[in-house]
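Reading through the C-alpha cells given below for one structure.
Remember, it's 1-based here, ligands and their atoms both numbered in the order they're listed.
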Amino acid sequence: ANAASASTDKVKHGLAAADAAPPSPDWTIDQGWANYTAEEHAVWKTLFERQTKLLAGRACDAFVAGMRDLPMGPDEIPDFRKLSAVLMQQTGWQVVAVPGLVPDEVFFEHLANRRFPAGNFIRKPHELDYLEEPDVFHDVFGHVPMLMNPVFADYIQAYGAGGLKAHRQGMLKNLARVYWYTVEFGLVQQADGLRIYGAGIASSYTESIFCLDDASPNRIRFELERVMRTNYRIDDFQEVYFVLNNLEELLELDRIDFSPIYARIQAQPELQPGDVLDTDQVLHRGTAAYHSAKRHA
Ligand SMILES: C[C@H](O)[C@H](O)C1=Nc2c(nc(N)[nH]c2=O)NC1
Ligand SMILES: [Fe+3]
C-alpha cells in the first residue's frame, strides 16, 4: 500500500477482484452476523459515533432521514436482513453480503435488480482511517441511508442497468466517472448550504471535513458530459467535487440515452481532476494547495 493513501481514509473501488474464485454465481455470501466478534462491533461503534457527530450539519437531508428510519445504530454491526426488511418497504431495495469487490458486471447486475452488494467484513482497529476495499462501514453507513430516498433509489438502479449496457459498449470508464462523482463523492446544494450525499465522503472522517471546509478543491456545478470526461483520484482526497442543485436532477440521468453522448465525448479530450473549464459553473475556485503540497512533498 503506497504511503499517499495511508494518510486519507480512501476506499479503493473498481479494482474488481476478477481473479478470485466467486463464492457463488452472483458473488453473494451469507453475512454471518452471529460470527462478528465484540472487537468488530466495537470498531463499528467507534466509527459510527465519530462519524454521526461529525455529519451533523454536513450530511444532506435525505441521508439524515434515511439514517433515522433505518435499524442502524452504534451498538452493533447492522444485520443486513433487518436493513433489507425496512428498505424493501421503502424503495424495494435490499442489502446483499459480498466478500469484497466484485467484478463490474456482477456489481451492475445487482444494482439493476435493486440489490446493494455490501462487504460483510469490517476494517481492523488499527486502520480506522485506512481501507483497501469497501468494508461494511463504508457500504452500509455510507451507501444505505441514501437508498431510502426514492429518487436516489431509482437512480442507482438505472445506473446498474446503464452500467451493463456501457460494459457491452466498452464505455464503462465514462460511466464509472458518473458513479464516482455522484454516488461516491457527490455534493448537493441545499437552502441551508452545501451538503454531502456521496458515500465515499459520508463514511470518511477526514474527507467529510475537507470536501466542505478546505479551500483547496474546486467545487463545480454537476454537468453530465463534463463529468463523463473527467478522471478521478482513488489514492487521496478529490481535487474537484461536483455539486447538484437538488437530488431530483438525478432523475434526468435515469431517462437519458447515453449512446449519442458516448459518441460525442469520445471525440473530446479527457480532463484531469484539477482542470477548470471556462464553460464550468464554478461555485468555489480551489487553491489546489493540498494537492500541490502533496505533489512536491
Ligand atoms: C462499478 C463501480 O464503478 C466499480 O467498478 C465497482 N464498485 C464496487 C464493486 N464491488 C463492490 N463490492 N463494491 C463496489 O463499490 N465492484 C466494481
Ligand atoms: Fe462505495
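Within His143, the N, O or S atom lying nearest to the Fe ion (ligand 2) carries the name NE2. Among the heteroatoms counted here (N, O or S) of Glu184, OE2 is the one nearest to the Fe ion (ligand 2). Within His138, the N/O/S atom positioned nearest the Fe ion (ligand 2) carries the name NE2.
Residues Phe121 and Glu133 form a side-chain contact, since some pair of their non-hydrogen atoms from C-beta on lies under 4.5 Å apart.
In terms of modelled atom types and a separation under 3.5 Å, the side chain of Thr28 and the main chain of Val98 share no donor-acceptor contact.
No side-chain donor-acceptor contact under 3.5 Å links Trp33 and Glu76.
The atoms of ligand 1 that sit less than 4.0 Å from any heavy atom of Phe108 are 1 (C).
Within the structure, the salt bridge (Lys or Arg N to Asp or Glu O under 4.0 Å) test picks out the following pairs touching residues 185-198 (sequence neighbours left out): Asp192-Arg195.
At a 4.0 Å heavy-atom cut-off, ligand 1 does not touch Trp180 at all.
By the 3.5 Å distance cut-off applied to N or O atoms, Ala176 is not counted among the residues near ligand 1. Any N or O atom pair closer than 3.5 Å counts here, and Val102 shares at least one such pair with ligand 1. Some N or O of Asp104 is nearer than 3.5 Å to an N or O of ligand 1, by distance alone.
Taking the six-membered ring where the residue is Trp, the centroids of Phe137 and Phe141 are separated by under 6.0 Å.
Asp213 meets the side chain to side chain contact (heavy atoms under 4.5 Å, CB included) test with Arg58, Ile209; sequence neighbours excluded.
Exactly one of Phe152, Phe63, Phe185 qualifies for a ring-ring contact (aromatic ring centres under 6.0 Å, His included) with Tyr197. That residue is Phe152.
Note on ligand 1: Pro103 sits outside its first shell, no heavy atom being nearer than 4.0 Å.
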